[in-house]
Amino acid sequence: MASYDTAKIDAILAKNEYAEANLLAILQDIQAAEGYLPRPALEHVAKSLGISIARIYSMATFYKAFSLKPRGKHICTVCMGTACHVRGAGRILDKIEENLKIKAGETTKDLLFTVERVNCVGACAMGPVVIMDGETIGNATANKINKVINDIKADSKKS
Amino acid sequence: MTEAKVNNAPMVEFIVDGKKCSAPRESSLLDFLLANGYDIPYLCHNPAVKPYGACRLCLVEVKNGRKTKLTTSCNYPILEGIEVFTNTEKVRRNRKMVMELLLARAPESKELRQMAKDRFGIDADKLPFEKNNGNKCILCGLCVRVCRELVGIEALSFAGRGEHKEAISPFHDVASTCIGCGACAVACPTNCIGLDQVITKRSLARWNRELPMKTCKRCGYAYAPMFQLEHFQNISSVPADFFDLCPDCRK
Ligand code: SF4
Ligand code: SF4
Ligand code: FES
Ligand code: FES
């Protein structure tokens, strides 16, 4: 935390004229640059603009587009809505968590995957549903999803 | 509603439950009703901070022109010629429903349960919802508003939204700028901030904050949190050793 490089944040602040009125834009720029909103970055913004960290935290948690935790390159979202749940979404999530060694809401150490859970994505007929990087996979099974995950893993090792 | 505006606002006439009344234009209807002995239930209002209209318990019916509508009174500005009904069947029914919803959110608050029982005859144990959801907070925002508007610190805020909304310290961590004045704990209607003091340490459980207390050089009494005194020192021009003694020994 002490070693956090604030130069990048300073550039973003300068671009936004160090104006409190541009706070939302500043957070958007940090999210774009870092992939998430690192706490030291937010604390630096608070200090530089002379506003409370409480106010910034409030804004940072209000918008879905912001994330306070680092997010992986690949986002795997498991639907846990009622329809998917009764068709075994819980088991699928368990198996994914086992494979990646993280819990839903977390990101792998190598920043390759983030696993999330949502409630009903409106595709109940093809449940259980898993969304991998925006692509809906219907009639999902643990094996099917873990194969997709393993393929991505293998690919990333190659490059 | 700012002080100044009310102070030099013209008086207007209006009617409450059939009685003629007058008050400064655009002042808070709830403040007026409470000051004049109307027994209106409320939870999120404190005349010292801006109205927020969060708990919805202070409902009344107001007729303005031809329209009559149900409205929260704390954030309703008094206007010329309005007619207010504080205790109609509709008002009572809706307040009771609001109370039940508040209980569903924060069933673990003793204060809330007591109020529900005394004012509405609601037995919280008989309501059909989870009783142990670990929540006492009704999101009234008084802690946030008091800390920001009165204390001038803003150590807290609302975070998240929708069902995830909460009144909390930044990052759920220590509220590092909190000076321990305790104003939020006094203002909280559901007593969920957990202000405690053990000899020379004051703690605010909800904000994960522990503060050393300043002890009086003469009598040894731990009389106020250090950070609070530092804050006072910064915003006033008292001499550096002013707070060495407690107010009693200073006399
Ligand atoms: S005790 Fe801390 S959080 Fe509460 S009002 Fe005072 S400064 Fe704000
Ligand atoms: S902690 Fe208390 S004062 Fe703060 S929002 Fe919750 S109920 Fe209101
Ligand atoms: S419950 Fe999964 S898509 Fe509706
Ligand atoms: S006191 Fe009016 S809405 Fe809470």
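Keep in mind that the numbers below use all heavy atoms, side chains included, and drop hydrogens, waters and symmetry copies. Just so it is clear, the model here is predicted, and its values are computed rather than measured. Proteins come first, then strands; the chains are lettered A, B, ... in the order of their sequence lines, and each starts at number 1.
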(message) Checking the side chain of B:Arg145 only, and the main-chain atoms of B:Cys140 only, is there a donor and an acceptor separated by less than 3.5 Å?
(response) yes
(request) Measure distances from A:Ile56 to the heavy atoms of chain B and classify the residue's part below 4.5 Å as side chain, backbone, both or neither. (result) neither
(request) Find out whether the Lys NZ or Arg CZ of A:Lys64 is both under 6.0 angstrom from the six-membered ring centre of A:Phe66 and within 45° of the ring's axis. (result) no
(message) Could you check whether A:Arg55 pairs with B:Glu154 (Lys NZ or Arg NE/NH1/NH2 to Asp/Glu carboxylate O, under 4.0 Å)?
(response) yes
(request) Tell me, for B:Ser169 versus chain A, whether the close heavy atoms (under 4.5 Å) come from the side chain, the backbone, both or neither. (result) backbone
(message) Does the Lys NZ or Arg CZ of B:Arg209 fall within the cation-pi geometry relative to B:Phe227 - under 6.0 Å from the ring centre and within 45° of the axis?
(response) yes
(request) Check each atom of A:Ile51 against the heavy atoms of chain B and say whether the ones under 4.5 Å are side chain, backbone, both or neither. (result) neither
